[in-house]
2 protein chains.
Amino acid sequence: MQVSEFSQLTGVSSHTLRYYEKIGLLKNVRRNASGHRDYAEKDLAWMAFIQRLKATGMSLDNIQRYSEYREQGDVSLVARKQLLEVHKSQLESYIQSQQSHLAALQDKINHYHQQIND
Amino acid sequence: MQVSEFSQLTGVSSHTLRYYEKIGLLKNVRRNASGHRDYAEKDLAWMAFIQRLKATGMSLDNIQRYSEYREQGDVSLVARKQLLEVHKSQLESYIQSQQSHLAALQDKINHYHQQIND
DNA sequence: GATTGACTTAGAGTTTACTCGAAGTCGTAA
DNA sequence: TTACGACTTCGAGTAAACTCTAAGTCAATC
């Protein structure tokens, strides 16, 4: 599929897709006879994972590191697993901190509620 | 207290403190005879709340809006409460999404685990 | 009276992650 | 055969949130 369809399916603009390729997140994107990008099914899955990593606060820089590992094939399985484990534990403590922020917000809201008496 | 101590206590650099004042997050900071900032206890509490809002993903722009309300006094209590309630519900769904990302990461890690057989 | 250290302002520079624009190529449809 | 739409590259521009620099002031200390 070409860029417009891929963009549609992933929700990422064609500009951003080219940018991601330039900085090494997407690699080895196929080209058709006239030099246009021709994305494969597996690019969709990888792009979805990129989006997940990004949504959990991983920098494009780190995602790029993971992308490098991916390219190296099976020799990097352990490294990739470790990278994800570190990221996962960071995410866990991040979620915990967000939960305590949430509780503090609720307290503040309750406080306003008392002051307002509505 | 002056800027260096306030910076120490809040963990925010003096540059950033001045920046926050410039964009209207911190307002009416007292000055001493020689024109130096002289932060009060209540500035500490407000700064802590700014940091909490920021940590939960609120933009400085929105925090500034809240800061305006604060300055208006009691007439804005309802507005402030509403702003926090909106933010709180956004935070709740954000935490939920992070939790589902976390589960997906665990799945991926398990998958690597199987492949590695360690 | 000179030096030091902490402050002041205004404005320029940095980082991350896009986002856009210009100029050009290619295949199809009128 | 020319017009179109979708693509291409390269490089410049943008937004948010800092971060730093330069030049200057002021109080205290040597």
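Here is how names work: the chains are called A, B, and so on, in the same order as the sequence lines, proteins then strands, and each is numbered from 1. These values consider heavy atoms only, across backbone and side chains, with no hydrogens, waters or symmetry-generated copies.
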Please state whether the rings of B:Y112 and A:Y66 are parallel, tilted or perpendicular, taking 30° and 60° as the class boundaries. perpendicular
dist A:S100:OG -> A:I95:CD1 (nearest 0.5 Å) comes out at 12.5 Å
Between atom CG of A:L44 and atom CE of A:M1, what is the distance when rounded to the nearest 0.5 Å? 4.0 Å
Over how many whole Å does the gap from [X] atom [atom1] to [N] atom [atom2] extend?
X     : N      : atom1 : atom2 : answer
A:E5  : D:dA6  : CD    : C1'   : 13 Å
A:L17 : D:dC7  : CG    : P     : 11 Å
B:I63 : D:dA16 : CD1   : P     : 13 Å
A:E21 : D:dC7  : CD    : P     : 14 Å
B:N62 : D:dA16 : CG    : C1'   : 13 Å
A:F6  : D:dC7  : CZ    : P     : 13 Å
A:M1  : D:dC7  : CE    : P     : 13 Å
B:R37 : D:dC26 : CZ    : P     : 15 Å

Can you confirm if the aromatic rings of A:W46 and A:Y20 lie within a centre distance of less than 6.0 Å? no
Below 4.5 Å, heavy atoms only, C-beta onward: do A:R30 and A:D43 meet side chain to side chain? no
Assuming nearest nucleotide by heavy-atom distance, tell me which of B:D61 and B:A33 is located more 5' along DNA chain D. B:D61
Distances under 3.5 Å between protein N/O atoms and the N/O atoms of nucleotides 18-26 of chain C, please, pair by pair.
from, atom 1, to, atom 2, distance (Å)
C:dC18, OP2, A:Y20, OH, 2.5

Which is it for B:E68 and B:K27 under the salt bridge (Lys or Arg N to Asp or Glu O under 4.0 Å) test, yes or no, and what are the steps along the way? CA-CA 9 Å; B:E68 298 272 90; B:K27 285 168 185 285; 2.7 Å; yes
